[in-house]
Amino acid sequence: MENTKQTPQEKSTLSNILEQIKIVLMIYGIVIIIHMVSIGSKLPDLAKSTVVSFVMVVIAITLKNVVKKPNLPGFAWATLVSFVLTLPISPISDFIVNAMSAYSFGLVGLPLLAFAGIAVGDQLEVFKKLSWKIVIVSFVVMASTYFGSAAISNIILSLKGMI
């Protein structure tokens, strides 16, 4: 028989992945409740979207914990996984896009922003050290993002002859 004992690092990686998946499951529970209460989505419709999204998140969590170089944050891995799986050349692209139609992504972001707020709440001392300069930087970043997006949209719409 083969020796199937795990090394301490493998146990640590697996336990990290499982711990992160537990948190993701809790977030998906909140997302489902928000959709059902706020826009009256039906559970069967949400189930398909949730399962597809959950599989992509589990892939991203696994990559984040297994792939050491480049050291990307979890949201970057999730973005890459969903981007690759929904490319037009992907054989499952149409399925994923159709399955995700039950989700309102504005509502998906609510629990994520709440958890981010809680996480930042523990870091108030760090924010105090950053002083007022962080406010200016955040306004510049938000304005740049907004006007940059508007400029790109304007260029594309002009090229297509829609404006």
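Only heavy atoms go into these numbers, but all of them, side chains included; no hydrogens, no water, no symmetry mates. The first residue of the sequence shown is numbered 1, and numbering continues consecutively from there.
- Listed here is the closest heavy atom pair of Gly74 and Ala60: O-CB, 4.5 Å.
- Every pair tested for ring pair (Phe, Tyr, Trp, His ring centres under 6.0 Å) that includes a residue from residues 58-93 fails, sequence neighbours excluded, so the list is empty.
- Within the 4.5 Å cutoff, side-chain heavy atoms of His35 are placed close to those of Ile39.
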Which side-chain N or O atoms in residues 95-121 pair as donor and acceptor under 3.5 Å with protein atoms at least two apart or in another chain?
unit_1	atom_1	unit_2	atom_2	d
Asn98	ND2	Asp94	O	3.1
Ser101	OG	Asn98	O	2.8
Tyr103	OH	Thr50	OG1	2.7

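- Taking the side chain as every heavy atom from C-beta outward, Met36 and Leu43 approach each other to under 4.5 Å.
- Using a 4.5 Å heavy-atom threshold, the side chains of Asn65 and Gln20 count as touching.
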Using atom types as modelled, flag every donor-acceptor pair under 3.5 Å from a side chain in residues 139-152 to any protein atom, sequence neighbours excluded.
unit_1	atom_1	unit_2	atom_2	d
Ser144	OG	Val140	O	2.7
Thr145	OG1	Val141	O	2.8
Ser149	OG	Thr145	O	2.8

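- Using a 4.5 Å cut-off between side-chain heavy atoms of Ile, Leu, Val, Met, Phe, Trp and Tyr, with links allowed through other members, Tyr28 and Ile33 fall into different hydrophobic clusters.
- Considering all non-hydrogen atoms of both residues, Leu72 and Ala76 come closest at CB-CB, 4.0 Å.
- In this structure the side chain of Leu63 never reaches within 4.5 angstrom of the side chain of Leu80, judged on heavy atoms.
- Two different hydrophobic clusters hold Val55 and Val84 under the rule that ILVMFWY side chains link at heavy-atom gaps under 4.5 Å.
- Two different hydrophobic clusters hold Ile92 and Ile89 under the rule that ILVMFWY side chains link at heavy-atom gaps under 4.5 Å.
- The shortest non-hydrogen separation linking Met56 to Leu85 is CG-CD1, 3.7 Å.
- Leu25 and Ile23 fall within the same hydrophobic cluster, where Ile, Leu, Val, Met, Phe, Trp and Tyr residues are linked whenever their side-chain heavy atoms come under 4.5 Å apart, directly or through other members.
- Of the candidates Val57, Val58, Asn16, Ile21 forms a side chain to side chain contact (heavy atoms under 4.5 Å, CB included) with just one, namely Val58.
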